[in-house]
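Below you'll find the structure, written out as C-alpha cells, and then a few comments.
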2 protein chains.
Amino acid sequence: MMGLPIHDPRQNQILAALPARDYARLVGELERVTLVPGTLLHAPGAPFEFAYFPTTAIVALILANDSGASAELAMTGKDGLVGIPLVLGGVSTRFAMTVQSGGEAWRLPAEVMCRERDRGGSLQRLSLCYAEALMTQMAHSIVCNRHHLVDRQLCRWLLSSLDLLPGNQVDVTQEVIAHMLGVRREAVTEAAGKLQAEGLIRYRRGHITVNDRAGLEARACECYRAVRAECDRLFEAQAASKCSSINCTLDTPRNSLMPRR
Amino acid sequence: MMGLPIHDPRQNQILAALPARDYARLVGELERVTLVPGTLLHAPGAPFEFAYFPTTAIVALILANDSGASAELAMTGKDGLVGIPLVLGGVSTRFAMTVQSGGEAWRLPAEVMCRERDRGGSLQRLSLCYAEALMTQMAHSIVCNRHHLVDRQLCRWLLSSLDLLPGNQVDVTQEVIAHMLGVRREAVTEAAGKLQAEGLIRYRRGHITVNDRAGLEARACECYRAVRAECDRLFEAQAASKCSSINCTLDTPRNSLMPRR
DNA sequence: CGGCTTATGTGCCCTGACGTACAGACCGCC
DNA sequence: GGCGGTCTGTACGTCAGGGCACATAAGCCG
C-alpha cells in the first residue's frame with residue numbers, strides 16, 4: 001500500500017498478481033466505483049453486469065432462502081473479486097452480494113470477464129484460485145456454524161473483516177453482524193459485551209475498535225487460522241505455478257494482506 | 001440408464017455431456033474402479049492422483065478441523081466429479097473425501113485432468129459448472145445448519161442421497177449420518193424415529209428404505225428443492241451455452257447500485 | 001436544546017440439541 | 001444355535017440460543 005497512488009487497482013490482490021502484459025490490456029477497461037455500505041451489489045438470480053475488484057471495500061456473499069432464513073457465505077475484499085459465477089460459467093447465481101463495509105472498488109464489465117475467461121489467461125487462473133478460496137471460507141463456515149459458540153464466531157468474523165480493512169476498526173452495527181452470522185441481534189450484544197469486558201474490543205453505536213488483535217485471535221475458533229492458512233497456501237501455489245510466464249510483479253508486496261501488527 | 005451397458009462411463013452426467021470428440025479422446029484413459037464404503041478416497045492435504053467420476057457410488061466431501069469438529073460439505077455422485085481442486089488450480093485441498101455409498105466410478109489420472117484443464121475444452125467447462133453446483137450445495141448447508149431442525153435436515157440428506165442412487169434404499173448407519181450432519185447419533189435416531197412413525201421411511205440396522213418420497217420432500221426443508229433447482233439450472237445453462245461460447249447478457253438495467261430495502 | 005430515530009442492554013421463558021449412561025435388539029459368524 | 005460386537009432405543013440433566021417485550025442510551029437534526 002505504500003508505494004502506490006492512493007487509488008490504484010493494484011491494491012487488489014488479484015489485479016496485483018496479473019502479469020504486466022495482462023494488466024496493461026485490462027487497465028483501460030477498469031472503472032473505479034465507490035461502494036456505499038448496505039448497497040445490494042447483486043440481487044439473487046439477476047445476471048451479472050460487472051465483476052468487482054474491491055480495494056478498500058468489503059462485499060458479503062449472502063444466501064437467503066424463501067422462508068427468510070439467511071446467512072453470510074463468505075466475504076470478499078482486496079483479496080479477491082466479486083462475480084465468481086462469471087468465471088465458473090454460470091450466468092447468474094442465487095447468492096446476494098451486499099456491501100458490508102463501504103469503500104472503493106474497481107469493476108470490469110461482464111463481457112470483458114467472459115472474454116478473459118474464454119481466453120484462458122492469468123485472470124482466469126487467478127479467479128479460479130479465488131473460487132477455491134471462497135469454497136474454503138464456506139466450508140469452514142459450515143463446520144463453524146455447527147460446532148462453535150457465537151462469541152468465538154464473532155471473533156472470527158471480526159478478524160476476517162479486519163484483514164481486509166486498513167485500520168483496526170470495523171464499522172457495522174450489531175444488527176448487521178447478527179444478520180451475517182445468522183443469529184439473533186441479542187446474541188451478538190451479549191458476545192460483544194464479553195469481548196469488551198475482556199478488553200479485546202471497544203465499541204460504540206456502529207463502530208467496533210479492536211484493541212487486542214492477538215487476544216482476539218486466541219479467543220477465536222481455529223477456523224480463522226485454518227481459513228487464513230489455506231487461502232495463503234492457495235495463493236502462493238498459484239503464484240508459484242505461474243513460473244511459465246516470468247514473474248514481473250517485482251515491487252508489489254505479495255504479503256500485503258498480512259497486517260499482523 | 002436404460003440403453004446403456006451395465007457399466008458405462010456415460011452413466012456419469014459430466015462424461016455424458018461431453019461432445020463425442022472430447023469423449024473419444026478421454027475414454028481410453030478412463031479406468032473403472034469399485035469404491036468400497038468408508039474408504040478414504042482423498043486425505044486432507046494430500047495431492048490428487050485421480051479425478052473420480054462416480055456412476056453408482058456416492059462420495060462425501062468432509063471438512064474436519066484440528067479439534068475434531070467436522071461436517072459434510074457436499075456429496076458427489078453420478079451428477080459430478082470428485083477432484084474439483086484439480087480444475088480450479090489448487091494442487092491439493094484440506095477437504096477429505098470418503099466413500100459414503102459403495103459402487104462404481106471411473107477415474108482419470110490427475111495429469112490428464114490438468115492437461116484438459118489447460119486445454120480449456122468441454123471437460124473444463126463442465127467441471128467448472130459442477131464447481132458452482134458444489135458451492136450451491138455448500139451455501140445451502142450453511143443456511144440449513146443454522147436454521148433448520150435436525151429431522152428436516154435428515155430428510156434433505158436422504159433425498160439428496162436418493163437422487164444419486166438407483167433404488168429407493170440408502171445403506172448407511174445412523175452413526176454415519178450423524179457424522180455427516182455433524183450432530184449426535186442419538187439425534188439421528190430420534191429424527192429417524194419420527195420419520196418412520198410418520199410412515200415416510202423404514203429402517204433396519206444400516207439400511208433405510210424410503211417408502212414415501214413425496215412425503216419426505218414435503219417434510220424436508222426448502223433447501224433440498226432450492227439446491228436441486230439451482231443445480232438443474234446451472235447444468236442446463238451450461239448445456240445451452242455449449243454451442244455459442246460467449247454467453248454474456250448484453251443489455252441489462254444499469255441501476256445496480258440500489259440501497260438495500 | 002429538545003425531540004426522534006436507531007442502536008444497544010436486559011430479562012424472561014422455552015426448546016432443540018448435547019453429554020452421558022445404559023438397555024435392548026439385530027445380525028453375522030463360528 | 002448361541003455368542004459377541006455393533007447398531008439402535010431411551011432417559012436423564014444441562015445449556016446455548018431463539019422469541020419476545022421493553023428499558024435505556026447514543027447520535028442526528030432541526
Side-chain angles (χ1 to χ4, degrees), chain A residues 37-38 65 67-71 100-101 141-158 169-198 201-209 219 221, chain B residues 37-38 67-71 100-101 141-158 169-198 201-209 219 221 259-261:
Chain A
N65 67 16
S67 325
S70 75
Q100 178 189 106
S101 184
S141 289
I142 293 176
V143 176
C144 200
N145 270 2
R146 184 53 93 185
H147 299 285
H148 298 149
L149 302 184
V150 170
D151 47 359
R152 306 207 131 200
Q153 293 188 47
L154 175 58
C155 293
R156 177 163 95 91
W157 191 90
L158 285 173
Q169 182 167 323
V170 186
D171 296 323
V172 283
T173 66
Q174 299 183 351
E175 183 93 45
V176 169
I177 298 180
H179 192 237
M180 295 299 174
L181 296 182
V183 299
R184 286 181 318 152
R185 196 263 313 156
E186 290 90 332
V188 174
T189 301
E190 193 174 359
K194 285 189 205 171
L195 300 185
Q196 177 157 255
E198 295 172 29
I201 64 172
R202 204 172 62 80
Y203 58 87
R204 356 171 281 284
R205 286 175 79 84
H207 308 275
I208 300 184
T209 308
R219 191 80 164 64
C221 51
Chain B
S67 324
S70 74
Q100 177 188 106
S101 186
S141 289
I142 294 176
V143 176
C144 200
N145 270 2
R146 185 53 93 186
H147 298 285
H148 297 149
L149 303 184
V150 171
D151 47 359
R152 304 207 133 199
Q153 293 188 47
L154 175 58
C155 293
R156 177 162 95 91
W157 190 90
L158 286 173
Q169 182 167 324
V170 186
D171 295 323
V172 283
T173 66
Q174 297 183 354
E175 183 93 46
V176 169
I177 298 180
H179 192 237
M180 295 299 174
L181 296 182
V183 299
R184 287 182 318 154
R185 196 265 313 157
E186 290 89 334
V188 175
T189 301
E190 194 174 359
K194 285 189 204 170
L195 300 184
Q196 177 157 254
E198 295 172 29
I201 64 172
R202 203 171 62 80
Y203 57 89
R204 1 172 277 286
R205 284 175 81 81
H207 308 275
I208 300 184
T209 308
R219 191 80 165 63
C221 51
R260 187 175 47 177
R261 281 154 219 264

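The chains referred to below are lettered A, B, ... by the order of the sequence lines, with proteins before strands, and numbering in each begins at 1. Bear in mind that the values here come from a model prediction, so they are computed numbers and not experimental data.
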* Structure fact -> Nucleotide by nucleotide, nucleotides 4-15 of chain C touches protein heavy atoms under 4.0 Å in the pattern (B base, S sugar-phosphate only, - none) --BBBBB-----

* Asked: What's the CG-C1' distance between B/Leu195 and D/dG9, to the nearest Å?
  -> 16 Å

* Test B/Arg219 against B/Asp151 for side chain to side chain contact (heavy atoms under 4.5 Å, CB included), laying out the working first. => CA-CA 8 Å; B/Arg219 191 80 165 63; B/Asp151 47 359; 3.3 Å; yes

* Tell me: CG of B/Asp171 to P of D/dT8, nearest whole Å? -> 12 Å

* To do: Please check if atom CD in B/Glu186 has more than 12 non-hydrogen atoms from other residues, nucleotides or ligands closer than 6.0 Å.
  => yes

* Structure fact -> Between NE2 of A/His148 and P of C/dC18 the distance, given in whole Å, is 14 Å

* **Separation of atom CG in B/Asn145 from atom P in C/dA17, rounded to whole Å** => 11 Å

* **Residues A/Arg146, B/Ser141; criterion side chain to side chain donor-acceptor pair (under 3.5 Å); working and verdict** => CA-CA 10 Å; A/Arg146 184 53 93 185; B/Ser141 289; over 6 Å; no

* For A/His148, does the NE2 atom have more than 12 heavy-atom neighbours from other residues, nucleotides or ligands under 6.0 Å away? -> yes

* To do: State, to 0.1 Å, how close B/Tyr203 and B/Thr189 come at their nearest heavy-atom pair, and which atoms those are.
  => OH-O, 4.2 Å

* Structure fact -> All heavy atoms of A/Cys221 vs all of A/Arg156, minimum pair found to be SG-CD, 4.0 Å

* Asked: What is the distance from CG of B/Leu149 to P of D/dG19, rounded to the nearest Å?
  -> 11 Å

* Asked: Could you go step by step and tell me if A/Ile201 and A/Val170 meet the side chain to side chain contact (heavy atoms under 4.5 Å, CB included) rule?
  -> CA-CA 10 Å; A/Ile201 64 172; A/Val170 186; over 6 Å; no

* To do: Using whole Å, report how far CD of B/Gln153 lies from P of C/dA17.
  => 8 Å

* To do: Have a look at the helix from C/dC1-D/dG30 to C/dC30-D/dG1 and give the angle its two end axes make, five pairs each, rounded to 10 degrees.
  => 30°

* To do: May I ask you to check whether over 12 heavy atoms, not counting those of B/Gln196, lie within 6.0 Å of atom CD?
  => yes

